[in-house]
There are 2 protein chains.
Amino acid sequence: MENNIYMDTAKLFKVLSDPVRLQIVDLISCREMCACEILEYLSITQSTLSHHMKVLKECGLVNSRKDATWMNYSLNSDFVIEFKTTLDKITSDTEECLCKKKIKV
Amino acid sequence: MENNIYMDTAKLFKVLSDPVRLQIVDLISCREMCACEILEYLSITQSTLSHHMKVLKECGLVNSRKDATWMNYSLNSDFVIEFKTTLDKITSDTEECLCKKKIKV
DNA sequence: AAAATACATTCATGTTTGTCAATATTTATA
DNA sequence: TATAAATATTGACAAACATGAATGTATTTT
């Protein structure tokens with residue numbers, strides 16, 4: 001409720017908790033790709049890919065750019081950096097802690 | 001199937017895709033804590049916490065050490081580092097890519 | 001031995017989600 | 001305009017999961 005930093009971060013982890021979406025992120029991390037090219041690397045239907053791209057876009061991880069009939073997707077690098085920073089804060093004791101635990105160390 | 005690196009990583013993301021488990025990781029990232037102390041910070045039942053700790057332990061993220069009636073939990077730092085390395089590989093174009101995408105750049 | 005404390009397990013339930021088939025929409029081409 | 005190609009949306013369903021109540025187990029204390 002009050003600590004929605006955990007809820008927000010959990011949603012991002014949920015987006016990445018699918019092997020197909022991880023492979024998609026891996027694919028477009030080097031360069032922009034249209035959906036039909038991404039589809040060539042995967043063994044899923046076109047509608048399933050479209051669903052995954054929607055999920056990846058809606059959370060902010062992926063950018064999209066329309067070019068005629070093609071929809072080009074690329075990784076939002078700034079978003080990835082921010083996500084990794086949050087992960088560092090949650091897992092490290094050198095960063096500023098999100099909870100009040102340091103008081104009792 | 002053949003690329004179970006994505007499946008393995010997805011399972012870890014799934015473990016972290018829960019706000020309660022994220023808060024638990026945040027809590028024990030500074031120091032070891034017993035279950036009853038962790039429970040004080042959360043608004044869940046004891047059985048639910050036990051379930052979460054089992055999930056965190058089984059994937060390797062959390063270590064446990066029994067002391068009399070207390071079960072002490074701590075974060076497996078090496079595991080966290082390895083996990084972050086995998087995340088870097090998937091999201092970065094400077095690391096060695098997991099897929100064959102670089103060929104076609 | 002009995003009571004209390006700390007934690008784990010089992011069971012049941014409502015919710016979320018990944019998937020595909022079918023259909024719709026948009027744009028380019030013939 | 002008609003057809004084809006690329007992508008999105010809808011609907012349905014099975015599997016996975018988070019949760020709490022009830023119960024079980026282990027250890028300490030009285």
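The sequence lines fix the lettering, A, B, ..., with proteins before strands; numbering per chain opens at 1.
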Notebook entry, point to check: Given dA8(C), is OP1 or OP2 found less than 4.0 Å from the side-chain N or O atoms of Y73(B)?
Noted result: yes

Check: Hey, is the side chain of T45(A) poking within less than 4.0 Å of OP1 or OP2 on dC20(C), counting only N and O atoms?
Finding: yes

Nucleotide [N], atom [atom2] - distance to [atom1] of [X] in whole Å:
| X | N | atom1 | atom2 | value |
| --- | --- | --- | --- | --- |
| I38(A) | dA6(D) | CD1 | P | 14 Å |
| N72(B) | dA26(D) | CG | C1' | 15 Å |
| L42(B) | dA18(D) | CG | C1' | 14 Å |
| I44(A) | dC20(C) | CD1 | P | 7 Å |
| K66(B) | dC7(C) | NZ | C1' | 8 Å |
| R65(B) | dA6(C) | CZ | P | 16 Å |
| K14(B) | dA15(D) | NZ | P | 14 Å |
| F13(B) | dT17(C) | CZ | C1' | 18 Å |

What's the closest nucleotide to the side chain of [X] if the choices are [options]?
| X | options | result |
| --- | --- | --- |
| C36(B) | dA21(D), dA6(C), dC20(C) | dA6(C) |
| M71(A) | dA18(D), dT7(D), dA26(D) | dT7(D) |
| A68(B) | dC7(C), dT27(D), dC17(D) | dT27(D) |
| Q46(B) | dT28(D), dA8(C), dA6(D) | dA8(C) |
| W70(B) | dA6(C), dA6(D), dA22(C) | dA6(C) |
| T69(A) | dT26(C), dA6(C), dT17(C) | dT26(C) |

For residues [X] and [Y], report the shortest heavy-atom separation together with the two atoms involved.
| X | Y | value |
| --- | --- | --- |
| R21(A) | K14(A) | NH2-O, 3.5 Å |
| I5(B) | T9(B) | O-OG1, 2.6 Å |
| S92(A) | S29(B) | O-OG, 3.9 Å |
| Q23(A) | Y41(A) | NE2-O, 3.8 Å |

- Quick one: are the ring centres of F83(B) and F13(B) less than 6.0 Å apart? yes

Heavy-atom nearest nucleotide on DNA chain C taken for S47(A) and for S17(A); more 5' hit belongs to S17(A)

The answer to which of D67(A) and V20(A) contacts DNA chain C further toward the 5' end, by nearest nucleotide, is V20(A)

Q. Has E82(B) got more than 12 heavy atoms of other residues, nucleotides or ligands less than 6.0 Å from its CD?
A. no

query = What do you reckon, is NZ of K84(A) surrounded by more than 12 foreign heavy atoms closer than 6.0 Å?
reply = yes

Sorted by number, residues from residues 48-64 of chain A placing a heavy atom under 4.0 Å from DNA chain C are T48(A), H51(A), H52(A)

Checklist entry - Any side-chain donor-acceptor pair under 3.5 Å between S50(B) and S47(B)? => result no

